[in-house]
Amino acid sequence: MDGTFGKGCHLHLIDGSAFIFRAYHALPPLTRKSDGLPIGAVAGFCNMLQRYVEGNTGPDAPTHVAVIFDHSGKTFRNDLYDQYKANRPPAPEDLRPQFPLTRDATRAFNIACKEVEGFEADDIMATLACQARDAGGRCTIISSDKDLMQLVGGGVEMLDAMKNKRIDRDGVIEKFGVGPERVVDVQALAGDSVDNVPGAPGIGIKTAALLINEYGSLEELLDRAEEIKQPKRRQTLIDKREQIEMSKTLVQLDCNMELDFTIEDLEVLDPDPEVLLAFLAEMEFRTLTKRMADQLGQEAPVIPEASPQAAEVAAPEAVPFDRNAYTCVTSAEELQPWIDQIQQRGWVAVDTETTGLDSMVVDLVGISLCVEPGQACYIPLTHREAAADDLFGSDELAKDQMPLAQALEMLKSVLEDPAIMKIGQNMKYDAKIFARQDIAVAPIDDTMLMSYALNGGKHNHGMDTLSERYLDHTPIPIKPLLGTGKSAITFDKVPVIDAVPYAAEDADITLRLWQLFKPQLHQEKVTTVYETLERPLVPVLTKMEMDGIKVDRDTLSRMSNAFAQKMAGLEDEIYELAGETFNVGSPKQLGEILFGKLELPGGKKGKTGAYATGADILEDLATEHDLPARVLDWRQLSKLKSTYTDALQDHINADTGRVHTSYIQTGANTGRMASSDPNLQNIPVRSEEGRRIREAFIPEEGNVLLSLDYSQIELRILAHIAGIDALKQAFADGIDIHAMTASEMFGVPLDEMTPDIRRQAKGINFGVIYGISGFGLARNLRIPRAEAQGFIDRYFERFPGIRKYMDNTVEFAKEHGYVQTLFGRKIHTPEISAKGPRAGFAKRAAINAPIQGTAADVIRRAMIRMPDAIAHLPARMLLQVHDELLFEVPENAVDDTIATAKSVMENAADPAVHLDVKLIVDAGRGANWAEAH
DNA sequence: GACATCACG
DNA sequence: GACGTACGTGATGTCC
């Protein structure tokens, strides 16, 4: 061949991006063993190239070939229409680093690799295809993208590599109803929801083809639109003419691009075996390296086995932290480049600074953004002028800040953009702050939750911990900025110059953690946990917290007064019995009275040298003296008053009249959540007196409260996990599970069961869930330790599967350093091999975690599905209390809501896990939480 | 800020 | 054989 492209030549154009995405989705998320680099798509891409090269024989073999890629960033079509491809989600995080590698792979195969800034791969292929055709040669476009079908004809064909199907002129007519030369006309009318090409509303491919065939061309059709009979269609074509014409320019490929290479440069070349094998070996593709080596008749290079530590040692931080490099953004002009960059990348780490910690009350002070490690800015918004003197803070806004509304308006487009990932550390907090500014932040990623999914049980997941542990960097502490105690100031009083490095650094750290954790989720096989149990829960909790629950202040206030009176009466009696006055609330003083002055028996000093005066001890003493019983009563009232009837009133939000708790998604190692400020997961219920506090939790007028709770969920899960047939059968038959246990253990028939025997069996059942010990059971049942041990022995004899589960679980924990829930949540058990009493703790925790954790996962799944399930109902989900969900709903929708929510909860494990034991949910309703429960 | 106590599942 | 112990949380008051 003389090198010129002409008759007898055959150009192959491979749609690189299509190859990449197909490869990515066809393969599991593989990572390179040595360092955890995601390489699944590269592997698939190489396999496809290899198969392609292998198949290049016979009459259709190419003389010239190139792989054409889309250049990242915007194209000229975005200048025509800013919404073009705007609803494309960003490329998956683990795919992005693989883009450049696919270029490397192409070159390693010695195939030309082309992309041009500002153009799509389609345009390059169009230009080359036209050149090939005009030169009298053939061209095959290896792609199934219908946008390329306009190029078919005159020697140009397409090849769907997956189906190994050639698409010629007839194939195009089959697909579009028109020939290749009219494909753009049809596309202009039909539009494309994937690429966000608007087209003519209401007209699809079928109708479009009909019209084009009737009128001959789009231009003719639009000029003669008045003639169309169907009134709606006619009006659309007249009204939307401009939009349709613009659509045509979007779908019309550019055949006349200026290229800095010619077809001749694309001549087929044999790969250099050394280069290709080196690349494949570097990627650590063992099978493919060997296969290619065999094919090329070469010795396969040796790929070293990865050392287990290698992945962990891989440097997490290439860019050093530089607090002076952060930018302070004070105007729209300065903010715009940041927004441009965010849009280009498709992600941003965000952090808000506020005047306090209560997200339902505080004001927004500033926002920090970070787009890549080291590149962060802070946007001060409502910092206050430094006080003229120390006594009076000024209310004047500090100078050089951009107006809050302007900044929010600019950021809103980014924060609500479905194609831009917003990354935060504890994003729920920031989401609430933004929600109060009418900005619905989505989608989000959360480094705190990633750490929880990855490292639950190892450490807490606060930013300081994570930064120090994983970035080896200590963040600027907030204390010196705000001060402590009475002289503490809020963040708006912090001088902007001090706020910038602090705030921007937080966003910087968050972005670095995100880049670090993201690939680890795959490596540690907790992507599903993160994606199905953590991330989707954030918007659900955000809404629950913002909705809050109505609490009646008067009810609480009246109770407080009643408690105070009773306490005063008890105090008088206590002083009388003690023979002196003292602080009843001081365990230390009480101990001295009981065991010193009154010389009651059983005085045991704890590690601090003080007598223990816990409820169990006082209960024992109650037989000896009247005083302990009075103290117990006093303590109960004191607890109810201080923690509940008093404190709860302070938590009623002035604006909403409701109480807004905050859930801590990473609060418990097992997967349970915690509730704080206030804790609404420990509102009294066990004592009659305490239970009345729930009467203050009420629905809005015309509504009722609904309580739905799982019945015996942990025991059911234990029956499933440990595979205890007798337990499963009892649940299936709806038998009282504690009575059944008692019957099995003590040989008492069910119809002769006494409450006391049942109570003991109940204690054992709970003990089993907690990792039973003779001592613990003895204390709980108040029986001698030997007797308790006897119970346990008998229980294990009767249910040997339970002991097996316990042994296996502890064994698993020792081997792997973690235990797992049925849904794959890992709970790490770093102390499992500790010596001394800690070993016992760790063992029991390891036994309990899969049970408690699985139950927690189940209700999380229910909560995540609940908003969609009840969307058609006027119901709101307000609270979660571990195995209970509380709803507020208008009276007329009560039955529907119960039926719907109950079904969601009972089926929450499906389809991920099929439980051998059915989950049962009990429902209650009422005019307050006491009635509903 | 540690500790003891006690509210919940 | 002794250690010490039921699992998971958060809020409050005392005391140093």
Side-chain angles (χ1 to χ4, degrees), chain A residues 456-457 484 582-591 605-618 631-632 634-648 650-651 661-664 666-687 689-691 693-694 709-715 718 763-781 785 788 792 819 827 834-853 855-856 859 879-884 929 933:
Chain A
T484 50
F582 66 100
N583 186 345
V584 183
S586 164
K588 192 177 170 229
Q589 293 180 32
L590 176 67
K605 297 197 174 180
K607 45 191 158 186
T608 52
Y611 289 112
T613 67
D616 46 349
I617 291 173
L618 295 190
V631 173
L632 282 170
W634 183 91
R635 276 193 184 163
Q636 190 198 2
L637 295 174
S638 165
K639 180 80 176 183
L640 295 178
K641 182 171 186 296
S642 67
T643 309
Y644 299 104
T645 56
D646 287 350
L648 223 37
D650 300 333
H651 281 287
T661 184
S662 181
Y663 288 102
I664 307 159
T666 58
N669 289 336
T670 53
R672 269 198 186 176
M673 298 191 296
S675 153
S676 75
D677 307 295
N679 182 352
L680 294 185
Q681 290 183 322
N682 71 346
I683 302 302
V685 70
R686 291 173 186 169
S687 78
E689 198 128 57
R691 187 187 171 84
I693 288 170
R694 296 188 173 217
D709 68 296
Y710 286 104
S711 163
Q712 308 281 14
I713 185 166
E714 293 191 354
L715 275 176
L718 173 69
I764 295 165
N765 277 335
F766 275 99
V768 166
I769 291 171
Y770 297 152
I772 201 159
S773 78
F775 187 94
L777 183 64
R779 205 175 66 165
N780 196 260
L781 291 180
R785 192 174 160 175
I792 293 171
V819 293
I827 298 113
K835 294 275 168 271
R838 288 139 67 109
F841 273 118
K843 273 187 195 174
R844 291 192 294 273
I847 290 165
N848 172 257
I851 304 167
Q852 186 180 116
I859 196 165
L879 299 179
Q880 187 248 42
V881 192
H882 310 306
D883 64 357
E884 172 190 7
W929 196 2
H933 187 77

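Proteins get letters first, then strands, A, B, ... in listed order; numbering begins at 1 in each.
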Regarding [X], tell me which of base, sugar-phosphate or nothing describes its non-hydrogen contacts under 4.0 Å with the strands shown.
X	answer
A:Phe775	base
A:Gly853	nothing
A:Ile769	nothing
A:Gly840	nothing
A:Ala647	sugar-phosphate
A:Ser638	nothing
A:Asn669	sugar-phosphate
A:Gly667	sugar-phosphate
A:Ser773	base

Could you measure the distance from the [atom1] atom of [X] to the [atom2] atom of [Y]? Nearest 0.5 Å is fine.
X	Y	atom1	atom2	answer
A:Asn848	A:Ile772	CG	CD1	12.5 Å
A:Glu884	A:Ile713	CD	CD1	13.0 Å
A:Glu714	A:Gln712	CD	CD	10.0 Å
A:Ile664	A:Asp677	CD1	CG	7.5 Å
A:Met673	A:His882	CE	NE2	8.5 Å

Study note, to complete from the structure: Comparing nearest nucleotides in DNA chain C, the 5'-proximal residue of the pair A:Arg785, A:Ala845 is A:Arg785
When the [atom1] atoms of [N] and [M] are considered, how many whole Å apart are they?
N	M	atom1	answer
C:dT5	B:dC3	P	14 Å
B:dA4	C:dG4	P	15 Å
C:dA2	B:dA7	C1'	34 Å

Point to revise | 5'-to-3' dot-bracket of DNA chain C (Watson-Crick, G-U; under 3.5 angstrom; crossing pairs as [ ]; | other strand) | key: ......|||||||||.
Study note, to complete from the structure: When every non-hydrogen atom of A:Ala849 is compared with those of A:Thr670, the smallest separation belongs to CA-CG2, 4.1 Å
Review point. What's the shortest heavy-atom distance between A:Ile851 and A:Ile847, and which atoms?
Key: CD1-O, 3.7 Å
Side chains of [X] and [Y], heavy atoms from C-beta outward: is any pair under 4.5 Å?
X	Y	value
A:Ile683	A:His933	no
A:Lys588	A:Thr608	no
A:Ile693	A:Thr645	yes
A:Leu879	A:Tyr663	yes

Review point. Any donor and acceptor pair, going by atom type alone, linking the side chain of A:Gln589 with main-chain N or O of A:Val584 inside 3.5 Å?
Key: no
Point to revise | Nucleotide-resolved protein contact map, nucleotides 4-9 of chain B, B/S/- at heavy-atom distance under 4.0 Å | key: SSBBBB
Study note, to complete from the structure: First and last nt of DNA chain C near chain A, cut-off under 4.0 Å to heavy atoms, 5' to 3', are C:dG4 to C:dC16
